[in-house]
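Naming: A, B, ... by sequence-line order, numbering from 1 per chain.
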Amino acid sequence: MKTKLRTRWNLTPQEAMRLQETLRERVEREDRFGTLQFVAGADLAFDPETNLAFAGVIVYQFPQLQEVERRMARRTLRFPYVPGLLSFRESPVLLAAFEKLRVEPDLILVDGHGIAHPRRFGIACHLGLLLDRPTIGCAKSILVGEAVEPGVRAGSTAPLVDKGETVGIVLRTRDRVKPIYVTTGHRVSLQSAVRIARQCLDGFRIPKPTREADHFVRDLRRAYQERRARNQI
DNA sequence: GCGACAG
DNA sequence: ATCTTGTCGC
């Protein structure tokens, strides 16, 4: 698939923050997608020694969750990790992986937040705009807001509230296990985001698309570190 | 100023 | 994110 919105990435944190303030207005929080046939999950892993990052994206047939394609890309991270500016660190590599896809996903699950962000523009929102695709943010911890504790049973939900606004849903994906945080990225309502995230569960805490993408890039990183340790790279 | 802080 | 093995529990 192709990146629809081209922007420069060599920005300073200050410039990045300003860009977020501008792009946030283009985010669509209501449903705007048809039948979901292909759903993708994306994640990234990197080697702290070299700052080389591996991005992975896996496309699944929905709702069967059968894999149909996976692609990867590697690149040196140029932007530092700054809470609230994660997208400027990870998006370049992730986009490179997405651009290798032959199958166009109808919706993308992103490892990180959507509107549950200080400027309501997390990486899920940003990637949604860049790829012009519906996206959902699936984070493992909170960036902003206060989470109401959901019931201890799998499937329980509770709101994630920030400054009086419900910006996400806390979802207990397994009995008594730490919940995940589901948020609107782009063109997906919070209600639909939770429904879809649930449909992407297969018995584990993390939804399959994101979890498998995580395993994918983790293996790529390990293989790289192995070769490097053996002085062959 | 202090504490919090996705991955 | 990454550093890290086994181990207790469902």
Heavy-atom side-chain proximity of [X] to [Y] below 4.5 angstrom:
X      : Y      : result
A:L86  : A:Y81  : yes
A:R75  : A:P92  : yes
A:L127 : A:I108 : no
A:H126 : A:F121 : yes
A:V93  : A:L77  : yes

Where at least one partner belongs to residues 196-206 of chain A, residue pairs that pass side chain to side chain donor-acceptor pair (under 3.5 Å), sequence neighbours excluded: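 Matches after skipping sequence neighbours: A:D202-A:R211.
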How many whole angstroms separate atom CD of A:E49 from atom P of C:dT2?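 In whole Å, C:dT2 P lies 13 Å from A:E49 CD.
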Provide, to the nearest angstrom, the distance between the NE2 atom belonging to A:H215 and the C1' atom belonging to C:dA1.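 So the two atoms are 15 Å apart, to the nearest Å.
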Under the 3.5 Å Watson-Crick or G-U criterion, the dot-bracket string of DNA chain C, with | for inter-strand pairs: ..........
Between the side chains of A:Q225 and A:R221, does any donor sit under 3.5 Å from an acceptor?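 There is such a pair between these side chains.
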Tell me yes or no: between the side chains of A:D111 and A:T210, is some donor less than 3.5 Å from an acceptor?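 Distance-only check fails for A:D111 and A:T210.
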More than 12 non-hydrogen atoms from neighbouring residues, nucleotides or ligands closer than 6.0 Å to CD on A:E21, yes or no?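 Enclosed: over 12 neighbouring heavy atoms sit under 6.0 Å from CD of A:E21.
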Hydrophobic cluster partners of A:V144 (side-chain heavy atoms under 4.5 Å):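 Via sub-4.5 Å side-chain contacts, A:V144 links to A:L143.
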Is NZ or CZ of A:R133 both nearer than 6.0 Å to the six-membered ring centre of A:F98 and within 45° of the ring axis?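 No, A:R133 and A:F98 do not form such a contact.
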Just to be sure I understand the geometry, which residues of residues 21-31 of chain A put a non-hydrogen atom under 4.0 Å away from DNA chain B?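 DNA chain B contact set from residues 21-31 of chain A: none.
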A:R221 side chain N/O closer than 4.0 Å to the phosphate oxygens (OP1, OP2) of C:dT2?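 For C:dT2, OP1 or OP2 has a side-chain N or O of A:R221 closer than 4.0 Å.
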Residue pair A:T50, A:Y224: steps toward the side chain to side chain contact (heavy atoms under 4.5 Å, CB included) verdict: CA-CA 11 Å; A:T50 61; A:Y224 162 73; 3.2 Å; yes
Between A:D132 and A:R26, does any NZ, NE, NH1 or NH2 come within less than 4.0 Å of an OD or OE carboxylate oxygen?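 Salt bridge flag = no for A:D132 with A:R26.
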Reading 5' to 3' through nucleotides 2-7 of chain B, protein heavy-atom contacts under 4.0 Å coded B for base, S for sugar-phosphate only, - for none: ---BBB
Under 4.0 Å protein heavy-atom contacts per nucleotide of nucleotides 4-9 of chain C, with B for base, S for backbone only and - for none: ------
A:D175 or A:D214: which one's nearest nucleotide on DNA chain C is closer to the 5' end?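 That would be A:D214.
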